[in-house]
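Okay, structure first, notes after.
This chain uses plain numbering: 1 for the first residue, then up along the sequence.
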Amino acid sequence: MADKISLKDTISIGIGGMVGGGIFAVLGLAVSIAQGGTPLAFLFAGLLAVITSYSYAKLSQKYPDRGGTVKFINQGFGVSIFSGAINNLLWVSYIIMLSLYASAFGAYAPNLLAISSNTTIDFHIYASGIIVLATAINYYSIAVVGKIESYAVIIKLIILIGFIGVGAYGLIGNPNLSQLAISNWESPVQLFAAGMVIFVAYEGFELIANAAPDIVNPEKNIPKAYYYSVIFVIVLYIIISIVTVGSLPFNTIATAEDYVLAEAAKPMLGKIGFTIITIAALISTFSAINASLYGGSRVNFEIAEDDELPHHFTSKLWNQPIGLLITAIATLVLVNILDLESISTAGSVGFILIFGIVNWVGFKCTKDTGSNKIIPICGCVLCLMALVILINQQYQSNLTGVLVSLGVIVLCFITEWIYKTSEKKKKT
């Protein structure tokens with residue numbers, strides 16, 4: 001039993017995966033799209049995460065495997081060009097998430113310590129530097145990665161809950177509270193689109209699937225871990241967005257879009273509050289980069305093991321999968337060429353598509369898993385609707401993000417097709 005993971009630790013994996021750098025990176029972006037209806041945007045995204053977690057819970061119980069999502073997709077579609085392309089998309093989506101976290105780190109860090117007089121240069125130095133540091137830690141010791149993650153989850157939750165407590169008190173008599181009125185909400189379609197752009201803030205609960213073989217009393221604890229962690233994070237995000245929109249005028253939020261959570265601590269706690277939240281953001285994004293680098297390299301290794309990528313990817317460099325170095329280099333490139341909204345859009349498109357497919361697998365396997373057919377098919381349909389609404393909204397305001405998202409998906413399919421075709425030729 002010593003090697004087994006308790007319910008409490010499993011919930012921590014889910015919460016830690018979601019409350020990484022996402023909320024620090026995309027809160028300002030959510031407000032810019034949804035305005036006073038931001039809490040509703042977070043609710044919409046959260047409901048999609050809850051429905052999807054049902055499929056994950058049922059599949060994790062029936063097919064516990066450290067490959068998690070990769071294994072579920074292979075279970076539903078066999079080892080084929082389609083499953084290989086989607087699993088490759090999962091790996092690329094991890095790289096996009098890493099870029100998002102590094103982008104958030106690069107936006108917050110110069111507020112604490114400026115390196116040059118140019119914030120853009122500082123952003124690139126910090127964003128690149130943190131990826132290099134996290135890669136070095138991953139190569140040095142996986143145990144250190146685990147320790148950083150376990151401490152970081154506690155620190156960031158204490159600070160965020162403290163921010164909510166102080167911030168909620170600061171809302172009393174705050175004139176900006178009127179910004180939350182329905183008259184300041186965007187249209188329902190726009191609110192839903194905003195929720196889908198920032199859906200990446202909920203990505204992370206699926207990491208519970210990778211821990212499924214080691215969870216104590218899996219029949220009871222796997223579903224509890226998914227539902228408790230997702231519902232806790234929905235409530236946390238909604239309250240944080242209420243406090244933020246009620247604390248600061250919209251024009252201030254727009255100016256400080258990339259580090260808005262730190263700015264929202266200013267009205268009550270002044271410069272000290274700003275500094276505390278900035279430190280929390282740096283700890284959160286650093287721990288998220290650490291964990292995602294580890295997760296991304298493992299996904300890459302699993303895909304190669306399942307013959308959906310060349311077997312060169314199962315080779316090791318300095319005792320770690322070669323995918324770790326490739327993941328880090330790809331992240332460095334992305335974070336230095338794309339803006340935050342494009343990164344967020346590409347990440348959301350990738351994960352919504354993957355979650356839609358996992359919901360479809362959940363629907364296909366209802367006989368084996370003993371699950372309700374309606375919930376997974378609703379999840380699948382909602383994911384498809386979310387994709388259409390998200391792409392349509394972003395096509396009008398952020399064409400780069402849409403082109404990057406679609407380009408990544410097409411590239412994953414072409415790469416997998418070329419690989420599978422060449423492998424077939426070798427065998428014949």
Side-chain angles (χ1 to χ4, degrees), residues 20-35 37-38 41-42 44-45 48-49 85-86 88-107 120 123-124 127 131 186-187 189-204 253-254 257-260 285 288 292 296 330-357 382-414:
I23 185 66
F24 294 97
V26 301
L27 180 59
L29 182 61
V31 179
S32 72
I33 301 171
Q35 297 290 290
T38 302
F42 276 103
F44 285 150
L48 191 58
I86 297 302
N88 283 324
L89 178 63
L90 177 65
W91 175 43
V92 176
S93 296
Y94 266 104
I95 294 168
I96 292 166
M97 289 307 300
L98 277 160
S99 308
L100 185 77
Y101 300 148
S103 181
F105 191 96
T120 307
F123 166 84
H124 288 291
I131 296 163
E186 291 293 338
S187 68
V189 173
Q190 183 83 343
L191 290 180
F192 188 76
M196 295 312 105
V197 172
I198 51 95
F199 185 75
V200 284
Y202 288 101
E203 181 280 318
I253 293 172
E257 184 177 296
D258 293 348
Y259 53 89
V260 71
T285 48
S292 298
T331 304
L332 276 169
V333 172
L334 268 189
V335 78
N336 285 296
I337 61 169
L338 288 180
D339 61 80
L340 181 70
E341 189 170 1
S342 297
I343 294 170
S344 185
T345 301
S348 287
V349 166
F351 276 105
I352 291 169
L353 178 58
I354 290 159
F355 288 163
I357 289 164
L382 278 171
C383 284
L384 289 176
M385 283 170 57
L387 266 182
V388 172
I389 291 168
L390 169 60
I391 289 168
N392 181 53
Q393 191 273 337
Q394 287 290 287
Y395 179 77
Q396 294 163 34
S397 63
N398 177 28
L399 186 58
T400 306
V402 173
L403 293 176
V404 168
S405 308
L406 298 178
V408 163
I409 295 166
V410 170
L411 187 66
C412 287
F413 274 91
I414 291 171

Heavy atoms, side chains only, cut-off 4.5 Å: are [X] and [Y] in contact?
X	Y	result
Leu334	Ile343	no
Cys383	Leu48	yes
Leu382	Phe355	no
Met196	Ile389	no
Phe24	Val260	no

About how many Å separate [atom2] of [Y] and [atom1] of [X], when rounded to the nearest 0.5 Å?
X	Y	atom1	atom2	answer
Ile33	Ser344	CD1	OG	7.5 Å
Asn88	Trp91	CG	CH2	7.5 Å
Asn392	Gln396	CG	CD	5.0 Å
Ser342	Leu399	OG	CG	9.0 Å
Leu29	Thr345	CG	OG1	7.0 Å
Thr331	Asn336	OG1	CG	10.5 Å

### Message
Pair Ser405, Ile391 - check side-chain contact (heavy atoms from CB on, under 4.5 Å), show working.
### Response
CA-CA 9 Å; Ser405 308; Ile391 289 168; over 6 Å; no
Residue pair [X] / [Y]: nearest heavy atoms and the distance that separates them:
X	Y	result
Ile357	Ile86	CD1-CD1, 3.4 Å
Val197	Val200	O-CG2, 4.1 Å
Phe44	Phe192	CD1-CA, 3.7 Å
Phe199	Ala49	CE1-N, 4.0 Å
Tyr202	Ala45	CE1-CB, 3.5 Å
Ile198	Ala41	CD1-O, 4.4 Å

### Message
Which residues pass the ring pair (Phe, Tyr, Trp, His ring centres under 6.0 Å) test with Tyr259, not counting sequence neighbours?
### Response
none
### Task
Kindly say whether Ala34 contributes a backbone atom to a donor-acceptor pair with the side chain of Thr38 at under 3.5 angstrom?
no
### Message
Please check: side-chain N/O of Gln35 versus main-chain N/O of Val31, any donor-acceptor pairing under 3.5 Å?
### Response
yes
Under 3.5 Å donor-acceptor pairs involving side-chain atoms of residues 92-105, not counting sequence neighbours:
from, atom 1, to, atom 2, distance (Å)
Ser93, OG, Leu89, O, 2.8
Ser99, OG, Ile95, O, 2.9

### Query
With a 3.5 Å cut-off and no angle check, do the side chains of Gln394 and Glu341 form a donor-acceptor pair?
yes
